[in-house]
Chemist: 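Here it is, the structure in full.
First the proteins, then the strands, lettered A, B, ... as listed; each starts at 1. Since this is a predicted model, take the numbers as computed values, not measurements.
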There are 4 protein chains.
Amino acid sequence: MIVVMKASSKPDEIGRVTKRIEDFGLKAHISEGVDHTVIGVLGKVFTELRDALELLPGVEQVLLVSKPYKLASREFHPRDTVVNVKGVAIGGKEIIVMAGPCAIESEEQLLATAQAVRAAGATVLRGGAFKPRTSPYDFRGLGETGLKILAAVGKENKMPVITEVMAPDQVDLVAKYADILQIGARNMQNFILLDEVGKTRKPVLLKRGLSSTIQEWLLAAEYILAQDNERVILCERGIRTFETHTRNTMDVSSIPIVEKASHLPVIADPSHATGKWYLVPPLSLAAVAAGADGLLIEVHPNPDKALADGPQSLNFDSFRLLMSQLLPIAQARNRQLATHATKSKP
Amino acid sequence: MIVVMKASSKPDEIGRVTKRIEDFGLKAHISEGVDHTVIGVLGKVFTELRDALELLPGVEQVLLVSKPYKLASREFHPRDTVVNVKGVAIGGKEIIVMAGPCAIESEEQLLATAQAVRAAGATVLRGGAFKPRTSPYDFRGLGETGLKILAAVGKENKMPVITEVMAPDQVDLVAKYADILQIGARNMQNFILLDEVGKTRKPVLLKRGLSSTIQEWLLAAEYILAQDNERVILCERGIRTFETHTRNTMDVSSIPIVEKASHLPVIADPSHATGKWYLVPPLSLAAVAAGADGLLIEVHPNPDKALADGPQSLNFDSFRLLMSQLLPIAQARNRQLATHATKSKP
Amino acid sequence: MIVVMKASSKPDEIGRVTKRIEDFGLKAHISEGVDHTVIGVLGKVFTELRDALELLPGVEQVLLVSKPYKLASREFHPRDTVVNVKGVAIGGKEIIVMAGPCAIESEEQLLATAQAVRAAGATVLRGGAFKPRTSPYDFRGLGETGLKILAAVGKENKMPVITEVMAPDQVDLVAKYADILQIGARNMQNFILLDEVGKTRKPVLLKRGLSSTIQEWLLAAEYILAQDNERVILCERGIRTFETHTRNTMDVSSIPIVEKASHLPVIADPSHATGKWYLVPPLSLAAVAAGADGLLIEVHPNPDKALADGPQSLNFDSFRLLMSQLLPIAQARNRQLATHATKSKP
Amino acid sequence: MIVVMKASSKPDEIGRVTKRIEDFGLKAHISEGVDHTVIGVLGKVFTELRDALELLPGVEQVLLVSKPYKLASREFHPRDTVVNVKGVAIGGKEIIVMAGPCAIESEEQLLATAQAVRAAGATVLRGGAFKPRTSPYDFRGLGETGLKILAAVGKENKMPVITEVMAPDQVDLVAKYADILQIGARNMQNFILLDEVGKTRKPVLLKRGLSSTIQEWLLAAEYILAQDNERVILCERGIRTFETHTRNTMDVSSIPIVEKASHLPVIADPSHATGKWYLVPPLSLAAVAAGADGLLIEVHPNPDKALADGPQSLNFDSFRLLMSQLLPIAQARNRQLATHATKSKP
C-alpha cells in the first residue's frame with residue numbers, strides 16, 4: 001500500500017500518517033518526491049487501514065498495490081485448475097459444452113433435450129428447477145420435482161448435471177441431486193450462499209454479476225475457495241451497459257483477462273448474455289476463439305413454447321449446426337471438443 | 001401487448017400469431033398500417049406469451065403496454081403510503097433521518113452515536129450487525145451480539161432501529177431485534193429473501209440494486225407487497241456507472257420518478273452512493289430538494305478508526321452541521337424535519 | 001509517478017526500468033517492499049513515459065500520482081473564478097439561471113420566451129441556431145438567421161445570450177452574435193473546436209460529455225484554458241447509464257466534486273439530463289442544493305408544438321413556479337438569485 | 001407510430017391526440033384494449049410529432065415502430081455492400097486486416113511497419129497524422145508531414161492507406177492523401193464532419209462512439225449515406241462501461257447485430273477497445289469468429305518507445321503470430337484472409 005500526500009501536506013500530517021501505520025504493527029517508508037511525499041507501507045495490509053488513512057489530513061490518495069484476492073490468483077497457484085466432474089474435465093485441453101433448457105418443464109421435455117444435445121456433442125446437462133424471476137408473477141420452476149427429473153435424466157444419459165441454487169437453506173437439497181452447483185449472476189455477491197456452497201466441496205459454477213468488475217468476481221470466487229473448495233468454474237454471462245439491443249453486453253475480454261489473472265477455468269453463457277437466440281452461435285464461437293474453456297447454452301425442443309426465456313434458446317437443429325461450427329474454432333485454438341467416448345466410461 | 005409485424009410479413013405469418021394469441025385464451029385485434037401490420041392483444045398477458053410471440057416468423061417486435069408491477073404502482077394505489085414505525089411516520093409530511101454507524105463495534109460506540117444523532121434530529125437509529133463484504137477477509141460484523149446492542153441502545157434512546165438482513169434463514173433472528181428490516185443493494189433481487197421479509201409484515205427498507213432499473217426495483221418491492229406486507233420503504237443508494245470518482249452515481253432523478261410511479265415512500269443513502277464523507281452533505285440536501293422522504297446516513301464517533309466504511313461516515317460535528325442546513329431545504333419543499341417530541345411518546 | 005514491480009521481478013528488470021526513467025532525464029527512487037519493489041519517479045512526467053514503462057518486463061502497474069490537468073485545478077488557482085458576461089457574474093454569490101427554447105424558431109417565439117423568463121428571474125437567454133441531431137432527417141436549426149434573432153432579442157431585453165457552436169469554422173460566425181459560446185456534450189472532446197473557442201477569449205460553457213469522466217471533463221476545460229481563455233463555465237448535463245427511464249442520468253455529485261477539484265464555476269442542465277419536463281423542477285432544486293452556480297433550462301411558449309426537444313421544455317407557468325421554489329433553496333445554501341436591477345445597468 | 005393512452009384517459013383526451021395527428025396530415029386508427037386505448041398513426045412520421053404527442057394529457061407512452069434509419073438498413077438494401085479500395089474488397093468473402101502504428105513518427109518507422117505487416121498479410125496500412133488526445137499536453141501528431149509519409153509509404157508498398165480526419169476543414173487536406181477517411185469514436189456524432197466526409201465520396205471508416213447505441217451508430221452512418229456516399233465501413237472499438245480492467249469493453253455482439261440490421265461491412269479495432277496489447281490477439285480472433293469483415297490493429301516496431309498508445313500496440317512478432325492464428329478462424333467461418341496477389345494488381 002502506498003500513501004500519496006498532498007503537495008501542500010505538512011510534516012506533522014506526515015507524522016500522523018506514519019504513526020497510524022505503526023499502530024497497526026506495520027512499517028512506514030517515506031520518499032520525498034518533487035511535488036508529493038509518498039509513504040510506502042510494509043507488511044500485511046488490512047482494508048481498514050486503507051480506509052483510516054484516507055481520512056487523515058494531508059492525504060491525497062491511498063493506492064493498493066497488492067491484489068485483494070489470493071487463493072484465486074495465478075501468482076498463488078500458477079498451474080491451471082482442472083475441475084473433474086464424473087469424468088468430464090473442465091479447464092483442460094477439451095472445450096466442454098453444457099446444454100439444456102432454461103427451466104425443466106417435464107421429464108419428456110428434458111429427456112428429448114438431453115438426447116439431442118448429447119448426440120450433438122454436449123457433455124453436461126443443464127436445467128433449472130429453481131428460477132430467479134424479476135417479477136413475482138412469472139414461473140418460478142418445478143422445485144424438487146425438477147431436481148429429481150434432472151438427476152434421473154442425467155444418469156440415464158450418462159451426463160453430469162448442473163442446476164442453480166438460490167438460497168443458503170436450499171444448498172443441501174440441491175447438492176443431493178446436482179453434480180455442479182450454479183450460482184446465478186444476481187447471487188454473485190450473496191456472500192452467505194457462497195460460504196455454503198463452498199462447504200459442500202462440490203463443483204461450483206460462479207456466474208459474473210451484472211454489474212460486477214472482474215476483481216469483484218474473483219473475490220466472490222475467493223469466498224468459495226476460502227472454504228477449502230477448489231472446484232470453482234467461472235462463467236461470463238454479460239454485464240449491464242447502456243446498450244439496449246442485447247439484454248446484457250457479453251464481455252468477451254474478461255475471458256483472456258481471467259485466464260491471465262487466475263488459474264480457474266472460465267466458460268461463457270451467450271444465451272443469457274444476449275437474450276436473443278440468433279446471437280448465441282456467433283457469440284459462442286467468439287468466446288471459444290477468445291480462449292473460453294467451455295459454453296453454457298440454452299436448448300429447448302420448442303423455444304417458442306418455453307415457459308421461461310424462450311427467445312434465447314436454440315432448437316435442436318440450431319444447436320447441432322453450432323456444434324459443427326465450433327470444432328474448427330476449437331482446433332484453431334489448439335483444443336478439442338470433448339467426446340462422449342471419454343465421458344461415458346466413469 | 002402489441003405485436004408489430006415485419007414490413008415483409010406474410011398473411012400466414014399473421015395468422016400464426018393470432019392463433020397463438022388465441023391459444024392463450026386472449027383476443028387478437030389486427031390493424032393494417034402503411035408499412036407494418038400491428039396486432040393488439042386484449043386480455044391479461046403472460047410474460048411467456050411475449051417470449052413465444054417474439055420467436056414466430058414475421059414478427060418484428062413485441063411491445064408491452066402495461067407496467068409489469070401492480071401493487072407498487074400509483075395507478076393501483078393513488079394515495080401515498082405512510083409507513084409507521086413506533087410513532088415515526090415515513091412518507092408523510094416530515095423528513096425522516098436515519099443515522100448511525102455502518103457496523104456496530106461496541107455498546108459504547110453505538111450509544112455515543114445514538115445520543116449524538118438523536119440530539120441533532122435523527123429519529124431512527126441504524127447500525128449493521130451482519131455486513132456484506134466484497135472480500136472474505138474483511139470484518140463481517142458482530143452478528144447477534146450486535147443485534148442485542150442495537151435493540152438495547154434503540155430502546156434506551158426511544159429510537160426505532162434498522163439493520164440489514166442478508167439471508168432467508170436470518171430473517172427470524174433479525175426481526176426479533178429490528179424495527180425495520182433492511183435489504184441491501186446486493187440482495188435486491190434475492191427473491192427468496194424478499195418473500196421471507198414480506199411474510200414478517202415488518203417494515204422493510206429496500207435498497208436499489210447497483211445495476212437495477214427503476215422498474216426492476218419496483219418489481220422487487222412487488223415481491224414484498226405480494227406477501228401482504230405494505231410497509232415497504234424504497235432507498236436510492238447509487239447505481240454503477242463508468243465514473244470512478246464516486247463509488248457509485250447517486251441517481252437523484254429516481255426520487256421524483258418513484259414518487260410519480262409509486263405510492264411507496266422513497267429515501268436516499270448518500271453515504272453508500274458516494275463513498276466519500278465530504279459528498280454526503282451536498283447529496284443529502286440534493287435528495288431532499290428533489291423530494292426524498294428521508295435520508296439514511298452513516299455517522300461514527302471516529303470515522304478514521306471505523307472497522308468498516310470509515311471514509312464515507314460523518315463525525316458528530318459534520319452531522320450536526322448537515323442537519324442545520326437540511327431544515328431550510330425541507331421547508332422550501334413545504335416539509336418539516338421530524339422532531340422527537342412526537343417520536344418519544346408512543 | 002510510481003512503478004510497482006511484480007512480486008517475481010528480477011534485478012535486471014528493475015535496472016531496465018530505472019535506466020528508461022533516466023533516459024527521459026528523470027530520477028528513479030527505489031523502495032523495497034515485503035512483496036513488491038516500488039520505484040518512484042522524480043521530475044515532470046510525460047504520458048509517453050508511463051506507456052513505455054507499462055510494457056517493460058517485470059512491471060506490475062504504473063500509478064500516476066499527479067493530476068493530469070493543471071490550469072483547471074484548484075491547487076493551481078485556489079480562488080473561485082467568476083466569469084463576467086455583460087454584468088452577469090457566473091460563479092459568484094448569485095445563482096444564475098439561463099433559459100430559453102432549445103431551438104430558435106422565429107423572432108416571435110424567442111421574444112415571448114425572453115420576456116417571460118426575464119420576468120421570472122432568468123438573466124441569460126439561451127437559444128439554439130445550430131442543432132446537433134442524432135438523425136439526419138431532423139430539424140437542424142435556423143443557422144445565421146437564428147443567431148441574428150438571438151442577438152436582437154437579447155439586446156432588446158438586456159440579457160446576454162448563449163448558443164451552441166458545433167464546428168471550428170463556425171466559431172467566428174457564432175462569436176459575432178453570442179456572448180457565451182456553448183460546447184455541446186457530443187463535442188466535449190472535439191479538441192480542435194476546443195482550441196478555436198479558446199482563442200476567441202469569449203466565455204465558453206463546456207458541457208460534460210455523455211460518457212466522460214470528471215477528469216476528462218476538466219482536461220477538456222484545460223484545452224480552452226491553455227489558449228489563455230480563463231472564462232470557462234462547466235455544465236453537468238447527465239451521463240449515459242443503463243437506466244432507460246431518463247434520457248441520461250444527471251450526476252449531481254459531479255457538482256461538489258468539481259467545486260473541490262477546480263476553481264471554475266459549474267452549472268446544471270436538467271432539461272437535457274432528464275429529457276422529461278416533469279423532472280426538470282426537482283432536479284433543478286437538487287442541483288442548486290448540491291452547490292451549483294446556476295442552471296440552464298429549456299423554456300418554450302408551447303412545448304407540445306416545439307420543433308425540437310418539446311418533452312423536456314417547461315412552459316412559462318412551470319418556469320415561474322420553479323423560480324419561486326428556487327429562491328429558498330438558494331438561500332438555504334447562503335446564496336441569492338441574480339436580480340435584473342444589477343444586470344441591466346452595464 | 002403507436003400512442004398508448006393511460007388507463008384513466010378520457011374521450012376528449014383521445015380526441016385531442018387524433019386531432020393533433022391529423023394536423024400533421026396523417027391518419028389515426030383507434031383500438032380499444034381492455035386497459036388501454038391504443039392509437040395507431042398511419043403515414044410518414046416526424047420525430048417532432050412524437051415529441052408533441054408525448055406531452056398531451058392522457059398519453060402514457062409513444063412507441064416508434066419504424067426504425068429511424070433507412071439508407072443504412074438491410075430492409076432498404078438487402079444485399080451486402082462491398083467497399084472497394086484500390087482493389088481491396090471490404091465486406092466480401094475475404095477478411096481484411098488494416099495495420100500500422102497509432103501515430104506516424106517518421107518515414108523510417110512507418111516503412112519498417114508497412115513491410116512487416118504486409119509480409120504478415122495485412123492489406124491496408126493505417127497511421128495517424130492528426131491525433132485526438134484527452135490532454136492538451138500530449139503528442140498531437142505530425143500533421144500534413146505525416147500524411148505525406150503515409151501516402152508515399154502506402155504507394156511504395158502497394159497498400160491503400162487509412163488515417164483519421166478530425167475537423168470539417170481538414171477533410172480536403174486528408175482526402176488528398178488518404179484512401180479511406182477514418183472518423184474516430186469521439187467524432188461519431190460530429191454531424192458537420194459526417195456531412196463533409198460524405199461529400200468526398202471517399203470510403204469512410206466510422207468508429208462507434210464510446211457511449212453510442214447501435215442505433216445511433218447506424219444513424220451516424222445515415223448522415224454519410226445521405227450525402228450519396230455509400231462507401232461506409234463500420235468499426236466496433238469498444239464502449240464505456242464500469243469495468244476498469246480494459247480501457248473500454250469491446251461489444252462483440254454488435255458485429256452480428258449490425259450484420260443483421262445493415263448491409264454495411266463491419267470490422268473491429270481490438271487495440272483501442274482493450275488498451276492492452278496482450279488482449280489484442282484473443283479479441284481479434286473473437287471478432288472474426290463472430291463474423292467481422294476485418295480488423296484494425298496497431299503495430300509498432302518498438303511498442304515501448306511509441307509516442308502514443310504504446311501499451312496497446314503489437315510488435316512485429318506478435319502480429320505475425322496473430323495472423324497465423326487468424327487463418328483457421330476465418331476458414332471456420334467459411335472465409336479467407338485477403339492475399340496480396342489479388343491486391344497488388346490494380
Chemist: State whether the number of non-hydrogen atoms from other residues, nucleotides or ligands found under 6.0 Å of W277(C) atom CH2 is greater than 12.
Modeler: no
Chemist: Salt bridge check: are E216(D) and R240(C) linked by an N-O gap of less than 4.0 Å?
Modeler: yes
Chemist: Counting only heavy atoms closer than 4.5 Å, note whether P68(C) contacts chain D via side chain, backbone, both or neither.
Modeler: backbone
Chemist: Checking heavy atoms, do the side chain of E54(C), its backbone, both or neither come under 4.5 Å from chain D?
Modeler: side chain
Chemist: Checking heavy atoms, do the side chain of T213(C), its backbone, both or neither come under 4.5 Å from chain D?
Modeler: both
Chemist: Check whether S212(D) gets within reach of chain C through its side chain, its backbone, both or neither, counting any heavy atom under 4.5 Å.
Modeler: backbone
Chemist: Would you say NZ of K199(D) has more than 12 non-hydrogen atoms from neighbouring residues, nucleotides or ligands within 6.0 angstrom?
Modeler: yes
Chemist: Against chain C, label L193(D) side chain, backbone, both or neither, depending on which of its atoms sit under 4.5 Å from a heavy atom there.
Modeler: neither
Chemist: Is it the case that over 12 heavy atoms from other parts of the model lie below 6.0 angstrom from the CG atom of D172(D)?
Modeler: no
Chemist: Just give me the residue among M188(D), M166(D), Q312(D), R140(D) that pairs up with chain C most often, heavy atom to heavy atom, under 4.5 Å.
Modeler: R140(D)
Chemist: Give me the one residue out of I239(D), L210(D), T241(D) that meets side-chain contact (heavy atoms from CB on, under 4.5 Å) with S211(C).
Modeler: L210(D)
Chemist: Counting heavy-atom pairs under 4.5 Å to chain D, which of D169(C), N187(C), N190(C) comes out on top?
Modeler: N190(C)
Chemist: How about Q227(C): does its CD atom have over 12 heavy atoms from other parts shown lying under 6.0 Å from it?
Modeler: yes
Chemist: In terms of heavy-atom proximity below 4.5 Å to chain D, should N302(C) be classed as side chain, backbone, both, or neither?
Modeler: neither
Chemist: Do you know which two heavy atoms are closest between L219(D) and T134(C), and how far apart they sit?
Modeler: CB-O, 3.4 Å
Chemist: Where do K131(D) and F191(C) land on the side chain to side chain contact (heavy atoms under 4.5 Å, CB included) test, with the steps shown first?
Modeler: CA-CA 10 Å; K131(D) 303 298 309 168; F191(C) 301 116; over 6 Å; no
Chemist: At a heavy-atom separation under 4.5 Å, does Q215(C) approach chain D through its side chain, its backbone, both, or neither?
Modeler: neither
